[in-house]
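Structure below; questions to follow.
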Amino acid sequence: MTKPCSGQIKYLIAIKELSESLGTVKCVNISRHLGVSRPSVSKMLRCLANSGLVFDDFCNSVELTEEGETAVNEIFSVFSEIYIFFRRFLHVPAEEAHKQAVDFITQFPNETCVSLKELVGRTLRKKSSQ
């Protein structure tokens, strides 16, 4: 599987977060969550479906495929640590830390994201063992 592009990553994050809070995700939920138009959501969902990350019948509800779940889990394995970096290390308010973490993982190379994730993980382990 190829790495999703930055736009796809933003949508995949939104789908995961919305599914955890709402259960069933609809296009209108994604539109509101991301502050984009419904036609933009439909266009990106078509792209995600063509990439095999969401099921084709996204008009009623948006569901990740197995490949989509794998992609989201990979994204969140890095996203969570980077969010912690902004929130706990830099003391950025929660909503802004979320936005900055999304911006970071969509703009920086994956190797940089993984390096920051590992640094945060090592630092947290050191703090917890002290």
Atom pair OG (S19) and CG (L64), whose distance is rounded to the nearest 0.5 Å: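 Answer for the OG-CG pair, S19 versus L64, is 6.5 Å.
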
Any sub-3.5 Å donor-acceptor pair from N73's side-chain atoms to E69's backbone N or O?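 Indeed, once roles are kept as given, a pair shorter than 3.5 Å links the two residues.
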
Contact between I15 and V54 at the side-chain level, heavy atoms closer than 4.5 Å - yes or no?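 With C-beta onward as the side chain, the pair touches.
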
Among pairs that include at least one residue of residues 102-130, which meet ring pair (Phe, Tyr, Trp, His ring centres under 6.0 Å), considering only residues two or more places apart or in two chains?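 Checked against ring pair (Phe, Tyr, Trp, His ring centres under 6.0 Å) - neighbours excluded - the pairs reaching residues 102-130 are F104-F108.
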
With a 4.5 Å limit on heavy-atom distance, are the side chains of L53 and V72 in contact?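 SC-SC contact between L53 and V72 ruled out.
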
Once you round to the nearest 0.5 Å, how far does NZ of K26 lie from OG of S31?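 That separation rounds to 14.0 Å.
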
Could you pull out all residues at least two apart from F58 that satisfy ring-ring contact (aromatic ring centres under 6.0 Å, His included)?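 With neighbours one apart ignored, the set is empty.
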
Just by modelled atom types, is the C47 backbone N or O under 3.5 Å from a matching donor or acceptor in the S51 side chain?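 Checking the backbone N and O of C47 against the side chain of S51, a donor-acceptor pair under 3.5 Å is found.
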
Which residue pairs satisfy the ring pair (Phe, Tyr, Trp, His ring centres under 6.0 Å) criterion with at least one member in residues 19-52, sequence neighbours excluded?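 Not a single pair qualifies under ring pair (Phe, Tyr, Trp, His ring centres under 6.0 Å).
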
Go through the structure and list residues passing side-chain hydrogen bond (donor to acceptor under 3.5 Å, both in side chains) with R46, not counting sequence neighbours.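 Residues passing side-chain hydrogen bond (donor to acceptor under 3.5 Å, both in side chains) with R46: D56.
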
Identify all side-chain donor-acceptor contacts of residues 78-93 below 3.5 Å with residues at least two apart in sequence or on another chain.
unit_1 : atom_1 : unit_2 : atom_2 : d
S80    : OG     : F76    : O      : 2.9
R87    : NH1    : V92    : O      : 2.9

Hey, quick one: are F55 and L22 part of the same hydrophobic cluster, counting side-chain heavy atoms closer than 4.5 Å, chains of contacts allowed?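 In one cluster: no.
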
Pairs involving residues 111-130, ordered by first then second residue, that meet ring pair (Phe, Tyr, Trp, His ring centres under 6.0 Å) (sequence neighbours left out):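 Checked against ring pair (Phe, Tyr, Trp, His ring centres under 6.0 Å) - neighbours excluded - no pair reaches residues 111-130.
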
Report yes if the side chains of T112 and P109 come closer than 4.5 Å at any heavy-atom pair, otherwise no.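 A side-chain contact under 4.5 Å exists here.
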
Give, for atom CD1 of I75 and atom CD1 of I9, the distance between the pair rounded to the nearest 0.5 Å.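 Result: 5.0 Å between the selected atoms.
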
Got a sec, which pairs hit salt bridge (charged side-chain N to carboxylate O under 4.0 Å, His left out) with one end in residues 6-19, sequence neighbours left out?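 Every pair satisfying salt bridge (charged side-chain N to carboxylate O under 4.0 Å, His left out) with a residue in residues 6-19: K16-E20.
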
Shortest non-hydrogen contact between C27 and V62, atoms and distance: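 Heavy atoms only, the tightest pair is N-CG2, 4.4 Å.
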
Please determine whether the number of non-hydrogen atoms from other residues, nucleotides or ligands lying under 6.0 Å from atom CG of N60 exceeds 12.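 Incorrect, the count does not exceed 12.
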
Kindly write out the residues that satisfy side-chain contact (heavy atoms from CB on, under 4.5 Å) with S61, not counting sequence neighbours, or none if the list is empty.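 Applying side-chain contact (heavy atoms from CB on, under 4.5 Å) to S61 gives T24, E63.
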
Which pairs count as salt bridge (charged side-chain N to carboxylate O under 4.0 Å, His left out) when at least one residue sits in residues 100-124, sequence neighbours excluded?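 Only K99-D103 qualify under salt bridge (charged side-chain N to carboxylate O under 4.0 Å, His left out).
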
Side-chain polar contacts of residues 35-45 - donor-acceptor pairs under 3.5 angstrom, sequence neighbours left out - could you list them?
unit_1 : atom_1 : unit_2 : atom_2 : d
S37    : OG     : S40    : N      : 3.2
S37    : OG     : S40    : OG     : 2.9
S42    : OG     : R38    : O      : 3.3

